[in-house]
Structure formats: structure tokens, C-alpha cells
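Notes follow the structure.
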Amino acid sequence: MLSEQLPFTEVLNKALAGPVNSLLNAVGVHPADSHAPISNAFAMQLLVVLIMLALFVLVRTRLSVEKPGGLQHMFEGLHSFIDGQGKEIIGHHHEPYTPFVVALFSFVLMANLIGMVPGFESPTAHPFVPLGLAICAFLYYNAKGIQKQGPIKYAAHFAGPMPALAPLMIPIEIVSHLARVMSLTIRLFANIFAGDMVTLVFFSLVPLGVPVIFLGLHIGVSFLQAYIFALLTTVYLAGAVAEEH
């Protein structure tokens, strides 16, 4: 089911199959179907990015202090919420990290919800998309930790407070940090994939009535999983840039 080309994917493949094949071959990747090298997951991610860009441009061109519109209110509310959460978890030096967390939350939420539109599917229901997002969060919070603490001081916190226990603590800390990537990936993928499947099954069996309940639940799960992803990223950031390191 997921391997069938969605209409938007088909349009992209018809327009861009040649250049994409050339690019993939140049880096040693050979797609299974040269007529359709663009997958549904990539096409849906591209669509999410285009929608987000359109929304951001729309908000930017209509910014108003006197008469802010509904869309401006929505984004200001989202920014205030993420910023407040960052201040509570990270502390007074949280401001530089707010844009990344807002962008991450917005992308995950929109990627979760787009699968509810007929003809589209959630890219986060493909395991490698949540994995890519988790790797981005992992690289970001470690890079910010190194930037804030310096490479030696940041690496030293993996050894723990007691030098005698360092040989034990270092491998535990490394495994713990790598497990965060798996945790973020599996939680997001499993919830969105299950939500998509349950909603699809009930729409197939009972087209009216009952599926609306599961559709509502899926919307709730989409918001909850986007929030958890952003919240855990903030918690990991707080640990990486903590001033007591």
C-alpha cells in the first residue's frame, strides 16, 4: 500500500526523475525503479516544507502590531508556548534554542497531520523519517553542548562526577545518548503508523460515524507526539548546555 505512488509523488517523478536519477547515481545510489526514484515519504516531506514556507511567507508579509491576523496569533502563541517551556526547562539562556524547537515541532505536527488529507500520507509513518528527525535533534543538542561548554568540558561530563567510576560511566552515557535516538524514532513512528492504519481500517469498514471518532483521536495523537518530540529535545538540550557542567 505504502509503495504505491501518491498523486503528488507521481507528478514529482514525471518532472524530476531524470535529474534525481543522475544525482543518486553520482553518489553511488541506484533506485529500484528508475522511473520513480522519488519515494512517497520524500515527496510528502517536500510538500510539508513547501506548505510551511508558504505559511511563514504569508505571516511575514502580513505582520501587524495594530491588527494581527489569526495566523499571526497562532504562530505567536506557538512561539510563546515553546519559549516558555524552554525557559522553564533550560533556564534564562534558552532563547537561542527556541527557533529550532519551534521549527521541529511545526514540521513533526504537519507531517503527522498531512496523512489525514485524502491522497496524502504521513511521512512520519515511515521509520526512516522519524529516525532522520531524531538524528537532527541528537546532532543539534550535542553541537550546542560542545559550543556552550567547549569540546573537552562537554566530553568530560560523560565521565560523571567521580573519576574512579569513569570507565563504567562513559560507555553507559554513550549508550544512553544513542538510545535517545531510538526512543524518539520508535515512539513517533509507532504512534503515527498505528493511527494511520486504524483510521484507514475503520474508514474501509464503516465509511460514516465511527471513523470520525478515530479521526479525532488521530488528531490528538498527532499533537501529542509532536509535543513529546519537542519536549524531549528541549530536555536533552537542557542537559547539554547546563551551566553547571
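All values reported here derive from a predicted model rather than from experimental measurement.
Under a hydrophobic clustering in which Ile, Leu, Val, Met, Phe, Trp and Tyr are joined whenever their side-chain heavy atoms come within less than 4.5 Å, directly or via other members, Leu50 and Ile114 fall into the same cluster. Hydrophobic clustering (ILVMFWY, side-chain heavy atoms < 4.5 Å, transitive): Leu188 and Leu178 are in one cluster. Val11 and Phe42 fall into different hydrophobic clusters, where Ile, Leu, Val, Met, Phe, Trp and Tyr side chains are chained together by heavy-atom contacts under 4.5 Å.
Between the side chains of Gln225 and Asn112, no donor-acceptor pair is found at a separation under 3.5 Å. In this model, a donor atom of one side chain and an acceptor atom of the other lie less than 3.5 Å apart for His218 and Asp196. Looking at Tyr154 and Asn142, their side chains do bring a donor and an acceptor atom within 3.5 Å of each other. Looking at Ser34 and Asn21, their side chains never bring a donor and an acceptor atom within 3.5 Å of each other.
The CZ atom of Phe100 lies 6.5 Å from the OG1 atom of Thr233; values are rounded to the nearest 0.5 Å.
Distance alone, capped at 3.5 Å, places no donor-acceptor pair between the Asp83 side chain and the His79 backbone. A side-chain donor-acceptor contact under 3.5 Å links Thr185 to the backbone of Val181. Formation of a donor-acceptor pair under 3.5 Å by the Gln149 side chain with backbone atoms of Ala242 is found in this model.
Using cut-offs of 30° and 60° for the angle between ring planes, the Phe75 and Phe56 rings count as perpendicular. Classified by interplanar angle (parallel below 30°, tilted 30° to 60°, perpendicular above 60°), the ring pair Tyr141/Tyr236 is tilted.
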Practice task
Quick one: do Leu46 and Ile38 satisfy side chain to side chain contact (heavy atoms under 4.5 Å, CB included)? Show the steps, please.
Solution key: CA-CA 11 Å; Leu46 179 62; Ile38 300 174; over 6 Å; no
Exercise for the section: Carefully, step by step, assess Leu184 and Leu133 under the rule side chain to side chain contact (heavy atoms under 4.5 Å, CB included). Expected result: CA-CA 8 Å; Leu184 287 172; Leu133 291 167; over 6 Å; no
Handout entry: Stepwise side chain to side chain contact (heavy atoms under 4.5 Å, CB included) check, Arg62 with Gln72
Key = CA-CA 8 Å; Arg62 296 184 178 183; Gln72 182 178 336; 5.8 Å; no
Problem - Tyr97/Thr234 under side chain to side chain contact (heavy atoms under 4.5 Å, CB included): CA gap, chis, key distance, verdict - result: CA-CA 8 Å; Tyr97 316 115; Thr234 306; over 6 Å; no
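Within a 6.0 Å sphere centred on CD of Glu76, heavy atoms belonging to other residues, nucleotides or ligands number more than 12. Within a 6.0 Å sphere centred on CZ of Phe8, other residues, nucleotides and ligands contribute more than 12 heavy atoms.
For the pair Tyr227/Phe81, a side-chain contact is recorded, criterion being any heavy-atom separation below 4.5 Å from C-beta on.
For Met169, the side-chain contact (heavy atoms from CB on, under 4.5 Å) partners two or more places apart in sequence, or in a different chain, are Leu165, Glu173.
Residues Gly119 and Pro7 approach most closely at O-CD, 3.7 Å, considering heavy atoms.
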